[in-house]
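Encoded as structure tokens, the structure appears first; notes follow it.
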Amino acid sequence: MAFPSFLFLLILLPLFFSNIPFSLSQSQLSPDYYRQSCPNLDNIIRDVVTTKQISNPTTAAGTLRLFFHDCMIGGCDASVLISSNSFNKAERDADINLSLPGDAFDVIVRAKTAVELSCPGVVSCSDILALATRNAITMVGGPFYTVNLGRKDSLVSTQSSVEGHMPLANMTMDEIIKKFESKNFTVQELVALTGAHTLGFAHCKEFAYRLFRYSKTVPTDPAYNPKYAEALKKLCHNYEKDPAMSAFNDVMTPSKFDNLYYQNLEKGMGLLESDNALFQNPKTRPFVQLYAKNQTAFFNDFARAIEKLSLNGVKTGNQGEVRRKCDAFSSIHI
């Protein structure tokens, strides 16, 4: 029997009109996935995130960073939440993940516990992480965006799978662009997502070379605003003895999601070398300048980009599971 042409068109039309590459897994997600099985899910998670953010103001930044690391390595599947054991070294023990903040893991544990009390065995950790991230962003002034739900949690998490997937602060901007392009993100989406640096902090050890040993002849990176560099030197003078010493990514409004991060870049106040490169590179500079002038444009583009990120490599159906505890697989797969 011939396949009806109008049905064929109905299947293909979403591919032409979506900015997000189509996959069968993504098509199974919906904002209303838990409408019947856990109707109060969003309120439960919002309450947990609000309480945690009030008591620990760096929670929003940490949760956003945790979500980014999860989605960039194998997809948004909560694989980064798995703890290592004697049989397996998990993602969270890879070098680049060792600095992921404990408050971010803790808020997901608290949210999962609260959800399980209301809807046991129903909601995946990957969906909880996605919702907690959105709610944390909006709580500190960022844009609201739709979170499609129905992800399953990964069945695998290995330390060895992390290598090569994450952009690094000491990469050139062209290398970072290639890294994002390999995940199907445009240059503009890269710049919008990097706006997450409006929140949080970086440890002094990550940028101290720019302050004290930039080159043999010039100890301090000349791209730094001189007054900013002097303040950072005072802050980080003892970083080798105290590795916990850190500086805010956005020194002006470190706990508010806004566009001052981009304005800081124009003034030579990009904390990391990759921040500075975002303004110096001709491919990314126009978007930095746009977002520095227009917060609405930044919010709109960030919302679209993170919604796209949240669909990266999702697992559905028998591709994953719903974990009972977010840091351990519920079933053993050989």
Side-chain angles (χ1 to χ4, degrees), residues 61 64-65 68 72 96 99 164-236 239 246-254 257-302 304-306 309:
L64 176 52
R65 187 169 167 229
F68 180 76
M72 289 292 281
I96 196 168
S99 62
H165 286 280
M166 291 293 297
L168 304 176
N170 60 354
M171 283 181 171
T172 67
M173 186 48 58
D174 285 336
E175 288 173 332
I176 293 174
I177 289 171
K178 288 180 181 178
K179 191 70 66 179
F180 273 82
E181 286 177 342
S182 73
K183 305 289 185 182
N184 203 40
F185 288 97
T186 66
V187 171
Q188 184 163 9
E189 289 167 340
L190 181 166
V191 179
L193 286 172
T194 308
H197 285 187
T198 185
L199 300 173
F201 59 86
H203 290 99
C204 291
K205 62 183 179 181
E206 297 179 48
F207 56 88
Y209 68 94
R210 297 186 68 199
L211 297 171
F212 304 113
R213 53 182 187 278
Y214 185 68
S215 72
K216 291 182 179 179
T217 56
V218 182
T220 303
D221 187 346
Y224 270 137
N225 177 296
K227 291 183 179 179
Y228 182 57
E230 287 305 311
L232 288 176
K233 286 179 183 178
K234 291 178 182 178
L235 178 68
C236 297
Y239 80 96
S246 57
F248 289 119
N249 293 327
D250 172 6
V251 70
M252 306 303 290
T253 55
F257 197 100
D258 57 24
N259 69 332
L260 259 66
Y261 165 74
Y262 299 106
Q263 296 178 24
N264 292 341
L265 297 186
E266 294 180 317
K267 300 172 183 175
M269 296 168 63
L271 186 62
L272 304 175
E273 191 162 8
S274 56
D275 293 325
N276 177 60
L278 207 65
F279 180 67
Q280 298 298 332
N281 189 286
K283 296 176 186 176
T284 52
R285 185 188 302 121
F287 301 116
V288 172
Q289 293 171 325
L290 168 64
Y291 298 149
K293 294 177 182 177
N294 190 332
Q295 181 167 278
T296 300
F298 165 46
F299 276 22
N300 289 340
D301 289 350
F302 178 86
R304 280 191 290 266
I306 197 167
L309 175 67

More than 12 heavy atoms from other groups under 6.0 Å of CZ on Phe248: no
4.5 Å side-chain heavy-atom contact, His203 and Tyr239: no
Exercise: do Asn264 and Tyr228 side chains pair donor with acceptor under 3.5 Å: no
Minimum heavy-atom distance Val251-Pro254, with the two atoms named: O-CD, 4.0 Å
Heavy-atom side-chain contact between Ile306 and Leu193 under 4.5 Å: yes
Donor-acceptor contact below 3.5 Å, side chain Arg285 vs main chain Gln280: yes
Short side-chain to backbone donor-acceptor contact, Arg210 and Leu271, under 3.5 Å: yes
Worked check of side chain to side chain contact (heavy atoms under 4.5 Å, CB included) between Lys183 and His165: CA-CA 9 Å; Lys183 305 289 185 182; His165 286 280; 2.8 Å; yes
Taking every non-hydrogen atom, the tightest pair across Leu265 and Gly270: CD2-CA, 3.5 Å
Leu211 backbone acceptor or donor facing Thr220 side chain under 3.5 Å: yes
Min side-chain heavy-atom separation Pro167-Phe180 under 4.5 Å: yes
Approximate separation, where rounding is to 0.5 Å, of Ile177 CD1 and Met171 CE: 12.5 Å
Whether Tyr262 side chain and Gly195 backbone form a donor-acceptor pair below 3.5 Å: yes
Test side chain to side chain contact (heavy atoms under 4.5 Å, CB included) applied to Thr198 and Leu260, step by step: CA-CA 7 Å; Thr198 185; Leu260 259 66; 5.6 Å; no
Aromatic contact, Phe299 with Phe257 (centres under 6.0 Å): yes
Exam field: side chain Lys267 to backbone Asn225, donor-acceptor pair closer than 3.5 Å: no
Minimal non-hydrogen separation, Arg65 against Ser99, with atom names: NH2-OG, 2.6 Å
Steps toward side chain to side chain contact (heavy atoms under 4.5 Å, CB included) verdict (Lys179, Phe185): CA-CA 9 Å; Lys179 191 70 66 179; Phe185 288 97; over 6 Å; no
Point-to-point distance, once rounded to the nearest 0.5 Å, from CG of Leu309 to CD of Glu189: 10.0 Å
Separation between CG of Leu190 and NZ of Lys283, rounded to the nearest 0.5 Å: 11.0 Å
Ring geometry between Tyr291 and Phe298 (parallel below 30°, tilted from 30 to 60°, perpendicular above 60°): tilted
Tyr224 versus Glu230, side-chain donor and acceptor atoms under 3.5 Å: no
Asp250 side chain to Leu199 backbone, donor-acceptor under 3.5 Å: no
Atom pair CD1 (Ile176) and OG1 (Thr284), whose distance is rounded to the nearest 0.5 Å: 9.0 Å
Test item: Tyr261 side-chain N/O and Asp275 main-chain N/O as donor-acceptor pair under 3.5 Å: no
Reported CZ-to-CZ distance for the pair Phe207 and Phe212, which is rounded to 0.5 angstrom: 8.5 Å
Gap separating the CG atom of Leu272 from the CG atom of Asn249, nearest 0.5 angstrom: 6.0 Å
